[in-house]
Amino acid sequence: MDKMPQWADVVLIPLISLLLAAILSALVILAIGENPWAAFKLMVEGALMRSAGWGYTLYYATNFIFTGLAVAVAFHARLFNIGGEGQAMLGGLGVALACLYVPWPHWSLAILGASVGAALFGALWALIPAYLQAKRGSHIVITTIMFNFIAAALLNYVLVNLLRPVGAMDPATAKFPEATHLPTFRDMFSTADNIMFRGAPANVTFFLALAACLVVWILIWRTRLGYELRAFGHSESAAQYAGISPVKITVIAMLISGALAGMMSVNTTMGESERLILNSTEGAGFIGIAVALMGRSHPFGVLLAALLFGFLYQGGAELALWTTIPRELIVVIQALVILFTGALDNMVRMPLEKLFLAMRKGDA
């Protein structure tokens, strides 16, 4: 018998962890001489009370959905893919090549081609660490961290020496053709009398991210491959006894994970910048780890956690703009969320398990 109902594990524990992180964050804000309640109100107003704020929140959330799903798929196979940042960088290269060198007639076809390019480049960048883990026993955390730095150096070289337009100074590609430009939320939801999402970068890629959540849910819980991933993650020896190849599962899980991380670049490179630039990932690959932890590696949980971190990103920008609270405080809040949802998970889990056990004994 489970010590605790499933809903408590999926909903209650993350909520309590988030509340504890919020309390500590409020104490930090107090310590620097600001009003925590006023700061929270400003974050809510800036991120949620205007369509432009929602546009930025959903733009950031789109990035975190892809990287969170990437980490979650690897987690199910007991793999810690910390290389989402590098895989997203190389995914951007796949997007750029698809947009610059294929004459797409319409954005609806271009987004499909760019998604394939992003997924392919992201998956290939995850392949070598996967092979080294499966065949050589190299730890996936070490190799994926190293590949983040290699990806940054490689992308810098490609942009400066190969893809930069003649005479340009920026380490970036040329602007993508007009036919590849994605509809923004402003284009989709504004009317002649009411302009919505003014200036916000949210675009149609958000719906691609929602589709990715559904596909990952079907993969993990409704397919044979998903069953093999979860079985391998629960017990490698039992999975081997059942005929599941550790090499195959490790490589496939990392390929899927890398592909999802790479697809984040459709949002940043094709949807927002409309060209490939350096540092377009802005740490989203690492935020995906926190999103997957908080979302319990479930696509719906990842979606909710991504929205939360999107709110923190946009709300933090508002704090930095209108108060003396530094932008780095949001990094502190994110770190506290990661601390409580990850490292200190048992601090919340164990008392709750004892409480539910006591309630069961009382009902018996």
Side-chain angles (χ1 to χ4, degrees), residues 66-95 97 116-158 212 215-216 219-220 223-265 281 283-293 296-297 302 338 342-343:
F66 281 118
T67 56
L69 290 174
V71 175
V73 169
F75 273 169
H76 280 293
R78 204 171 58 187
L79 297 166
F80 195 3
N81 179 16
I82 205 168
E85 190 81 357
Q87 291 147 20
M89 288 180 195
L90 269 292
L93 183 57
V95 170
L97 294 178
V116 171
L120 182 62
F121 273 65
L124 288 175
W125 200 247
L127 176 60
I128 299 175
Y131 174 82
L132 292 173
Q133 163 89 8
K135 283 289 195 178
R136 302 295 181 186
S138 303
H139 202 290
I140 200 77
V141 171
I142 303 300
T143 52
T144 49
I145 287 175
M146 290 171 59
F147 268 64
N148 285 335
F149 292 100
I150 297 171
L154 176 61
L155 186 60
N156 184 71
Y157 174 83
V158 169
V215 170
V216 169
L219 168 70
I220 298 297
T223 67
R224 177 176 176 176
L225 175 59
Y227 174 79
E228 292 178 348
L229 284 170
R230 289 183 288 121
F232 180 78
H234 282 295
S235 173
E236 182 177 345
S237 57
Q240 282 186 273
Y241 184 76
I244 298 171
S245 167
V247 173
K248 171 191 163 187
I249 288 299
T250 299
V251 171
I252 290 178
M254 284 299 294
L255 285 176
I256 296 171
S257 180
L260 286 165
M263 286 181 68
M264 185 209 91
S265 59
T281 53
F286 298 112
I287 298 298
I289 299 168
V291 168
L293 284 171
R296 292 296 186 267
S297 297
V302 166
I338 296 168

Minimum heavy-atom separation for [X] and [Y], please, with both atom names.
X: Thr67; Y: Ala284; answer: OG1-O, 3.0 Å
X: Phe80; Y: Ile289; answer: CE1-CG2, 3.7 Å
X: Gly68; Y: Val291; answer: CA-CG1, 4.0 Å
X: Phe232; Y: Ala239; answer: CA-CB, 3.7 Å
X: Ala119; Y: Met263; answer: CB-CG, 4.0 Å
X: Ile249; Y: Ala77; answer: CG2-CB, 4.3 Å

Donor-acceptor contact below 3.5 Å, side chain [X] vs main chain [Y]:
X: Trp125; Y: Gly258; result: no
X: Glu85; Y: Gly283; result: yes
X: His76; Y: Ser297; result: yes
X: Asn148; Y: Ile82; result: yes
X: Gln133; Y: Ile140; result: yes

Quick check for you: to the nearest 0.5 Å, what is the distance between [X] atom [atom1] and [Y] atom [atom2]?
X: Ile150; Y: Leu155; atom1: CD1; atom2: CG; value: 13.5 Å
X: Leu229; Y: Ser257; atom1: CG; atom2: OG; value: 10.5 Å
X: Phe286; Y: Ile145; atom1: CZ; atom2: CD1; value: 7.5 Å
X: Ser235; Y: Arg78; atom1: OG; atom2: CZ; value: 7.0 Å
X: Asn81; Y: Phe75; atom1: CG; atom2: CZ; value: 9.0 Å
X: Thr143; Y: Phe147; atom1: OG1; atom2: CZ; value: 7.0 Å

Answer whether the closest heavy-atom distance between the side chains of Val216 and Val302 falls below 4.5 Å.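 Result no, sub-4.5 Å side-chain heavy-atom pair not found.
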If you define the side chain from C-beta out and look only at heavy atoms, does anything of Thr144 sit under 4.5 Å from Met254?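 They are in contact (side-chain heavy atoms under 4.5 Å apart), so the answer is yes.
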Evaluate the criterion side chain to side chain contact (heavy atoms under 4.5 Å, CB included) for residue pair Thr250 and Leu79; output intermediate values, then yes/no. CA-CA 8 Å; Thr250 299; Leu79 297 166; 4.1 Å; yes
